[in-house]
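Working notes, beginning with the structure itself.
Lettering of chains follows the sequences in order, A, B, ..., and the numbering in each one begins at 1.
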Amino acid sequence: MSKPSSRPEPRISRVGRASAQEHAGRELIEPRELVDAPFMPGQSPSLGARRALLLMVTTAAAEGFSDKVYRLSKRELRQGHESNDRIGALVDEVISIRFQIPGLSSRGRAAIIKAHLFEEITEETDEGNSAWIEFEFSHRARVLFGASEVYAVLNRTAVLAFDGKYAITLYQLGCLYSGRRDPTIRLTVPELRTRLGVPEGRYSDWAQIRRFVLGSAKEEVDHLAHFQLSIREHREGRKVVAVTLGFWRKDDPSIDAAVDELDRSKVGRKARRTGTVKQAETRAANIYKELTDSLPGLDVDKIPEL
DNA sequence: CCCTTAGGAACATCCACGAC
DNA sequence: GTCGTGGATGTTCCTAAGGG
């Protein structure tokens, strides 16, 4: 890694521990194994819990997930909110997070490993700014994440800027995949649901997932991240059975625009985002008009969609 | 700590497409 | 044609999150 610049560097680091220390402060890091781990069935942590988890993981990653008690001040954890009134609920949520990964049993057979992320979380009852929470990762988490060689590097400001829990999770995936030669990942719809932590029974049909999960998350990610999200649907008949997500690195001016947006106030961000969308729609409408005006015989409906 | 509000979630309706 | 399935879109209600 060279000197820090105003623009984010490529998001992959192969030197986990050193990198964690180097990036401490402006960036958050997360071991690949955790980014890639699907949520357990029924688990769908809130936006606040997902952010808190990242802060906690970064803290431990800086020390290679060694066996010790880590701590964060409540002030850091509450993420700008001027009171500690929701820290208790946040801790409840975070400590219940579990993960599952493929692995081996003690006699070497293929197995699914399910484990708690945290051994223990201690919350000081003091309400002042100096109060902290202490946390220990579970043995399984330490062994797995401590051995990780690939870390996703996330922009701390971006993580704190996202408004949607699915956006933040897609951003994590994107930070891991966007630096790869093939920055795409194909997931069946059920896989997509567990990856993003969509609760079972919610968003029963694809239209709802696209609208409330992918659609709104894509808007946010495209606006704030250093990569652009593409979504390709795969159908069997009319039914959408799988999607290919692509995390394409933006060109430099677009990355600068995203970084600039992170520097601006959160207030009005959505308006700026939808404003951009409106401009794009106007442009698309103009192109459409030019096309149909200049080629009167053209049947636009016969042109396949890109 | 409390108030406000954006947006999440549920529900309803309509539309498109394919099988028959 | 009609029937069933799946997708698109609009409406309403409520809650979580942000801000004073």
Side-chain angles (χ1 to χ4, degrees), chain A residues 39 41-55 74-94 96-97 123 125-129 131 156-171 187-190 192-224 231-244 261-278 281 284 299-305:
Chain A
F39 285 92
Q43 284 209 314
S44 183
S46 66
L47 173 65
R50 292 180 197 216
R51 274 189 198 143
L53 178 62
L54 279 173
L55 292 170
K74 286 189 179 181
R75 188 189 175 83
E76 283 171 275
L77 212 59
R78 73 186 178 223
Q79 303 148 16
H81 198 262
E82 281 305 315
S83 78
N84 291 327
D85 56 355
R86 267 162 264 171
I87 293 275
L90 196 64
V91 169
D92 283 348
E93 217 184 331
V94 169
S96 72
I97 294 177
E123 179 195 355
T125 47
D126 176 15
E127 289 298 314
N129 273 342
R156 190 188 192 100
T157 318
V159 165
L160 296 179
F162 284 114
D163 281 328
K165 63 182 180 182
Y166 303 122
I168 202 170
T169 302
L170 268 173
Y171 175 70
L187 299 166
T188 65
V189 172
L192 178 75
R193 297 178 66 100
T194 58
R195 270 313 179 80
L196 299 182
V198 180
E200 282 177 282
R202 194 164 292 165
Y203 303 136
S204 46
D205 60 59
W206 174 253
Q208 310 283 39
I209 295 177
R210 177 158 68 188
R211 184 182 178 195
F212 297 115
V213 178
L214 287 179
S216 50
K218 176 176 160 57
E219 274 184 27
E220 275 200 72
V221 167
D222 285 350
H223 195 206
L224 298 173
I231 301 166
R232 210 168 95 234
E233 299 171 353
H234 303 278
R235 292 170 189 261
E236 266 172 23
R238 273 194 311 138
K239 190 175 182 182
V240 175
V241 293
V243 282
T244 298
E261 180 59 40
L262 290 175
D263 284 341
R264 293 198 196 105
S265 161
K266 198 164 188 167
V267 176
R269 178 165 293 148
K270 184 153 193 224
R272 289 193 290 279
R273 184 158 68 228
T274 50
T276 316
V277 169
K278 288 223 169 63
E281 281 170 356
D299 186 354
V300 178
D301 291 333
K302 292 219 172 105
I303 299 175
E305 271 197 52

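- The distance between atom CD of A:Glu220 and atom P of C:dA17, rounded to the nearest whole Å, is 13 Å.
- Contact of the A:Pro45 side chain with the A:Leu53 side chain is not registered, since no non-hydrogen atoms from C-beta on lie closer than 4.5 Å.
- Here the nucleotide nearest the side chain of A:Trp206, chosen from C:dG7, C:dG18, B:dA9, is C:dG7.
- In this structure, A:Arg210 atom CZ and C:dG6 atom C1' are separated by 11 Å, rounded to whole Å.
- Across every non-hydrogen atom of A:Arg195 and A:Leu187, the tightest pair is CG-CD1, 4.1 Å.
- Per the geometry, CD1 belonging to A:Ile209 stands 9 Å off P belonging to C:dG7, to the nearest Å.
- Just one of A:Lys165, A:Arg51, A:Glu93 meets the side chain to side chain donor-acceptor pair (under 3.5 Å) condition when paired with A:Ser46; it is A:Glu93.
- Per the geometry, OH belonging to A:Tyr166 stands 16 Å off P belonging to B:dG7, to the nearest Å.
- For the pair A:Thr169 and A:Phe39, the minimum side-chain heavy-atom distance is below 4.5 Å.
- In this structure, the CG atom of A:Leu214 is 17 Å from the C1' atom of B:dG7, given to the nearest Å.
- One interatomic measurement links the two molecules: CG of A:Leu90 to C1' of C:dG18, which rounds to 15 Å at whole-angstrom precision.
- One can place CG of A:Leu47 at 10 Å from C1' of C:dA16, the figure rounded to the nearest angstrom.
- Spacing between atom CZ of A:Arg51 and atom P of C:dA16 amounts to 16 Å, rounded to whole angstrom units.
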